[in-house]
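Worksheet: the structure to be examined is printed underneath.
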Amino acid sequence: MDIKILEKLNAERRARRAAIVVTDMDEGGARLVRQGDPVDGELATAVARVLRTGKSELVQVEGRTLFLNAHLPNPRLVVIGAVHISQALAPMARIAGYPVEIIDPRSAFATPERFPEIMLHAEWPQDVLERQPLDSYTALAAVTHDPKVDDMPLKAALDAGCFYIGALGSRKTHARRVERLLAMGATPQQIERIHSPIGIDIGAASPAEIAVAVLAEVVRAFRSRGLEAKEAAA
Amino acid sequence: MEASAYIDEARDPLIIAEGWVKDGREVALATVVETWGSAPRPVGSHLVIDAEGNFQGSVSGGCVEGAVVTEAIDVIETGKAKMLEFGVADETAWRVGLSCGGRIKVYVERLDS
């Protein structure tokens, strides 16, 4: 492999962007395919599959044996709100392989005592997201109930194409939130991507049970990402 | 290049390999390209090796790394990529194997600058 390919690959990985290294097993030689790069022919199907599943594989394309090595960013979960639900959600999500960051400007909530060993930002979401932007391998759950805190990151998550966006609140609360997001310039199609009420329906009642429901929804969204767009196109 | 908050740069074999090449070292990249049965590391896993036999990363649970390193030094010298295959450890064979009972294919290539 040419070192230039490796340099480009590492740059993509550092920036949390998906890329595939395609290596010709018979003749050697590799090329880098970044997410969104145009790919022709049979290879396009294989590239799309590998980008979705994240599973690297050997494929036969037009008589050649190619190895597609997937380099996808790790999924992560950003939680807006250092509340009771988040205290259960953060450790559970971390165990499930979704590292968690919690953002809440209310310093009484965002304390290390309440969130041991969790990455915490006792700051406004706009300040944190400016430094660490959201991306399509990030899930965002907004659970403060406070529009001043939740609305901005929800709009940012829609714009960044987060693979999951959830917002806590009753249907009535969400209806008012939809009005505010429309006023902020979000489109109705974008807003439909928000999961609200948050979490899959398992009759969750306690904060910890709601956390289970949210985590299940996040996992489902991650494992089925790309399928929504395909179904819409079909 | 600025360090990324999202990659464990000190342990990441691909970041390490890029740094080695920048330091003027000759480097080979080994990649698991196929597995059968229970295999310790998934397809796509990397081991990087320099001409002195220093290595980082893994292609198994430590079972076959020694053999891969030896082959990689040869790949660095010749510049010719190799496909290696490792199976169940067999006491009658001299080859190293995987005690877990799986089989893996490892592609070893030189990083060319």
Side-chain angles (χ1 to χ4, degrees), chain A residues 1-30 32 50-51 53-60 65-78 97-99 101 119 121 128-129 131-135 137-138, chain B residues 1-9 11-36 39 41-50 56-57 59 72 75-76 78-85 104-113:
Chain A
M1 187 196 294
D2 192 294
I3 185 67
K4 286 197 181 67
I5 305 269
L6 182 62
E7 287 168 2
K8 281 184 198 159
L9 169 66
N10 281 340
E12 294 300 305
R13 294 172 65 231
R14 283 176 162 123
R16 279 183 65 80
R17 287 192 295 260
I20 298 177
V21 176
V22 181
T23 307
D24 189 316
M25 291 284 99
D26 304 316
E27 292 177 13
L32 186 72
V50 168
L51 277 174
T53 62
K55 286 209 170 78
S56 305
E57 55 177 302
L58 283 171
V59 293
Q60 300 291 329
T65 305
L66 304 176
F67 180 62
L68 271 56
N69 204 355
H71 295 274
L72 267 51
N74 294 327
R76 63 177 185 138
L77 171 60
V78 172
Y98 296 77
E101 285 177 49
M119 206 190 298
H121 305 278
V128 180
L129 299 185
R131 290 198 308 271
Q132 294 162 243
L134 300 169
D135 56 48
Y137 292 88
T138 302
Chain B
M1 173 65 74
E2 202 178 310
S4 165
Y6 305 114
I7 297 177
D8 183 359
E9 304 238 345
R11 269 187 288 273
D12 186 279
L14 296 181
I15 302 281
I16 289 167
E18 186 185 337
W20 282 357
V21 173
K22 285 214 174 90
D23 292 342
R25 291 153 81 168
E26 292 194 288
V27 181
L29 174 66
T31 309
V32 179
V33 295
E34 209 166 4
T35 66
W36 297 264
R41 296 283 288 124
V43 172
S45 303
H46 290 300
L47 179 74
V48 297
I49 309 100
D50 77 359
Q56 293 280 352
V59 288
V75 168
I76 289 172
T78 63
K80 208 173 166 330
K82 281 186 188 184
M83 187 74 85
L84 310 175
E85 200 172 332
I104 60 172
K105 250 189 199 175
V106 178
Y107 184 73
V108 187
E109 63 191 311
R110 189 171 70 183
L111 286 176
D112 295 312
S113 48

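Because the structure is predicted, anything quoted here is derived from the model rather than measured. Lettering of chains follows the sequences in order, A, B, ..., and the numbering in each one begins at 1.
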Interface residue of largest heavy-atom contact number with chain A, from B:L111, B:L29, B:D12, B:D112, under 4.5 Å
B:D112
So, A:K8 and A:E12, do they make that salt bridge, N to O below 4.0 Å?
no
Please look at B:L14 and chain A and tell me whether the side chain, the backbone, both or neither of the residue comes under 4.5 angstrom of a heavy atom of that chain.
both
Turns out that what part of A:L68 lies under 4.5 Å from chain B's heavy atoms comes down to neither
Look at A:H71, A:E57, A:M25 and state which one has the largest set of heavy-atom pairs under 4.5 Å with chain B.
A:M25
Charged N-O contact under 4.0 Å between A:D135 and A:R17:
no
Is B:V27 in contact with chain A via its backbone, its side chain, both, or neither, using a 4.5 Å heavy-atom distance?
neither
Out of A:L6, A:T23, A:D2, which one racks up the most heavy-atom pairs below 4.5 Å with chain B?
A:L6
Can you confirm whether B:Q56 sits close enough to B:I16 that some side-chain heavy atom of one is under 4.5 Å from a side-chain heavy atom of the other?
yes
Taking side chain as everything from C-beta outward and backbone as N, CA, C, O, which of these in B:A17 sits under 4.5 Å from a heavy atom of chain A? Side chain, backbone, both or neither.
both
Any donor-acceptor pair under 3.5 Å linking the side chain of A:R16 with the backbone of A:Y137?
yes
Say whether, by atom type as modelled, one donor and one acceptor occur between the side chain of B:T31 and the main chain of B:V33 under 3.5 angstrom.
no
Any chance you could lay out the side chain to side chain contact (heavy atoms under 4.5 Å, CB included) test for B:H46 and A:N69, step after step, and finish with the verdict?
CA-CA 10 Å; B:H46 290 300; A:N69 204 355; 3.2 Å; yes
Given a strict heavy-atom distance threshold of 4.5 Å, which part of B:V21 is in contact with chain A: side chain, backbone, both, or neither?
side chain
